[in-house]
Engineer: 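There's a structure below that I have some questions on.
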Amino acid sequence: MSRIEKTFRRLKKERKKAFIPYIMAGDPSLDVTKEIVLLFEECGADIVELGVPFSDPMADGPTIQRASERALKNGVTLKKVISQVEDIRQTTQIPIVLMTYYNPIFKYGIENFIRDSAAAGVDGVIIPDLPPDEAGDFINLSKSTALDTIFLLAPTSTDERVKKVTKASSGFVYYVSITGITGSALLLDGSMETLISNIRKYTNKPIAVGFGVSAPDEASAVARLSDGVIVGSAIVKRLHDSPDELKSYLMSIREAIK
Amino acid sequence: MPALIELEEAFFHFKKDKESQKELRHLQETYIGRPTPLYFAKRLTKHLGGAKIYLKREDLAHTGAHKINNAVGQVLLAEHMGKRRVIAETGAGQHGVATATGAALLGLDCEIYMGTEDMERQALNVFRMKLLGAKVTEVPTGSRTLKDAINEALRDWTTNVRDTHYVLGTVFGPHPFPVMVRDFQSVIGKEAKRQILDAEGRLPDYLVACVGGGSNAMGLFYEFLNEDVKMIGVEAGGKGIETGEHAARFAGGSIGVFQGCKSYLLQDSDGNVLGTHSVSAGLDYASIGPEHPFLRDTGRVKYTYATDVEALSAFELLSKIEGIIPALESAHAIAEVLKLAPELSNEKVMIINLSGRGDKDVQHVARIKGMEL
């Protein structure tokens, strides 16, 4: 069983929901990234999502785009992120998921990437521009390692997509709360509840919700419907604009996710 | 993915739908001005002293470039799908103008994404789009050129997919776009085939077209792929391959996966997309439509490049010798012909796709020559 599965199993037993904070690796530096991962853990995070910078982050909104540009300017690459995870692993066993676009992996070599990241202690990978339809090799090669492959579902996903994506996903299923990009405004009407209960018809795998979760009351509302809450842009923004407030913000979100 | 599947189904339905096809043909004739002429460039032929040179005059299509063929096709498709809003990316501005035109024709809402740098280079086209009723949105991120405009258009499409159709401008991106755009552009080759048979009584020996994303080239080549005709695609060599400032994906790139398709890509060793350079904004793009690598690797089409300097001198030569000011993009194809035609006998026949007119480039060229207009 992977570290991510174990985490969700434990949370289920404790009747808790996962808090999954995100930061862009290397913004402002890889050393700070390590400190923030440890801060996440201290503030009660269950899983950490690390963004890998890319020149053309087309699923991301302006906040993460800019963080990506800053990290690239610092010379951060996929390779460096993987070795930073290896370093972080000396200090903590918190599950770490990489969110990266496909071309850096393709260039690295799929087999090399899976081997190196699994060996470094990466637990899962989210690739927003790799749909399961095109991910056969990636999924098969990952199966022999502890690496989970996490795919995305959106409000527009048809039942057929839901079947395909839940089947291809391991660790958890990533439900994108809105049609749009990271950091957009969240819409909390009744539709999310309907859509998530529809996904549950097809899978017992945990469902975590991301894109657009920012305020504690949003986190709390999303947690009631799902198994985990992913918070990205709101954290990246605070880390960049007002780092002193980050810890209290993280605590308020943790408090809200029950 | 659901949006792409919906689009694929709608496109194949549109292709089979007799009413839609009739309307498309009607607009091609009465609005775009098709068929565009196939013109025998007598003085250029004489000047080069080799093969007979014909120009397929896409510059004479409405809005001044081949882009309108695809734009009108896709806005009709959008209407067929019940979508009342269209968006598009643009580099040189030609596709933006074409899409804004198509949207005006059908009364659709239209928003065009354009990189900040391109907006400065192509101020005239920005104003044209606004006149046509489109909203032009500046993209100040990344390299602030075409690829960033595509990223932003994709972000918009993901957000507004329920009521919006993305009119992608070239044979690039995820399926079905490459097939669909090729299909709307293939009218170029179909007409050229008929026209050259009328003029020469036989098929040409060579086809030459410039290749940015590759839609004008696919449009001309597709109808001839199974014929005994040599084909040449000309990429932007910029300031020369060795300088790194170019957009020659075959000469300077490697295989990558970008913006929804696998193709040749100008990228660094970590898979980040590199900045590109070309004197012509329409060729200034880091990747190339995925059918071109297939045609290249199977040996069906030969690809080469022309530098900024070569394209500029072809631009001036065609203007003076034939009274036709070509788009700087098309001037790259002319530049290749200037090298190739003199080496061929006068029995040989070439067709060049003159994909657009050069009015939009006049100011830019004047500036390069140190003149202020």
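Convention: sequence-line order gives letters A, B, ...; per-chain numbering from 1. None of these values were measured; they are calculated from a predicted model. For the numbers below, each heavy atom of this structure counts, side chains included, while hydrogens, waters and symmetry mates do not.
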Engineer: Does any backbone or side-chain atom of B:V161 lie under 4.5 Å from a heavy atom of chain A? Answer side chain, backbone, both or neither.
Structural biologist: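 Answer is side chain: those atoms of B:V161 sit under 4.5 Å from chain A.
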
Engineer: Check chain A against chain B and list any donor-acceptor pairs under 3.5 Å.
Structural biologist:
from: A:S55; atom 1: N; to: B:N272; atom 2: OD1; distance (Å): 2.9
from: A:S55; atom 1: OG; to: B:V273; atom 2: N; distance (Å): 2.8
from: A:D56; atom 1: OD1; to: B:K147; atom 2: NZ; distance (Å): 3.1
from: A:D56; atom 1: OD2; to: B:K147; atom 2: NZ; distance (Å): 2.8
from: A:D56; atom 1: OD2; to: B:N151; atom 2: ND2; distance (Å): 2.8
from: A:P57; atom 1: O; to: B:R155; atom 2: NH2; distance (Å): 2.7
from: A:M58; atom 1: O; to: B:R155; atom 2: NE; distance (Å): 3.4
from: A:D60; atom 1: O; to: B:R155; atom 2: NE; distance (Å): 2.9
from: A:E69; atom 1: OE2; to: B:G142; atom 2: N; distance (Å): 3.1
from: A:N103; atom 1: OD1; to: B:V257; atom 2: N; distance (Å): 2.8
from: A:N103; atom 1: ND2; to: B:Q267; atom 2: OE1; distance (Å): 2.8
from: A:N103; atom 1: ND2; to: B:G271; atom 2: O; distance (Å): 2.9
from: A:K107; atom 1: NZ; to: B:S254; atom 2: OG; distance (Å): 3.0
from: A:T179; atom 1: OG1; to: B:T159; atom 2: O; distance (Å): 3.0

Engineer: Using a 6.0 Å cut-off, check whether atom CZ of B:F12 has over 12 heavy atoms from anything other than its own residue.
Structural biologist: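 Yes, the 6.0 Å shell around CZ holds more than 12 heavy atoms from other groups.
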
Engineer: Of the backbone (N, CA, C, O) and the side chain (C-beta and beyond), which part of A:P155 lies under 4.5 Å from a heavy atom of chain B, both, or neither?
Structural biologist: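 Both parts, heavy atoms under 4.5 Å.
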
Engineer: What part of A:L72 is in contact with chain B, defined as an atom under 4.5 angstrom from a non-hydrogen atom: side chain, backbone, both or neither?
Structural biologist: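 Interface part for A:L72: side chain.
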
Engineer: So for A:I181, is it side chain, backbone, both, or neither that comes closer than 4.5 Å to the heavy atoms of chain B?
Structural biologist: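 Both parts, heavy atoms under 4.5 Å.
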
Engineer: Enter the distance from B:F258:CZ to A:F106:CZ here, rounded to the nearest 0.5 Å.
Structural biologist: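 One gets 14.0 Å once the value is rounded to the nearest 0.5 Å.
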
Engineer: Shorter than 4.5 Å, heavy atoms on both sides: which option in B:L274, B:L265, B:V257 has the most such pairs with chain A?
Structural biologist: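 Result: the option with the highest number of such pairs is B:V257.
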
Engineer: Which bit of A:P62 is near chain B, if near means a heavy-atom gap under 4.5 Å: side chain, backbone, both or neither?
Structural biologist: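 No part of it gets close to chain B.
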
Engineer: Would you mind checking which part of B:I255 comes under 4.5 Å of any heavy atom in chain A, side chain (CB onward), backbone (N, CA, C, O), both or neither?
Structural biologist: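 B:I255 touches chain A through backbone and side-chain heavy atoms alike.
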
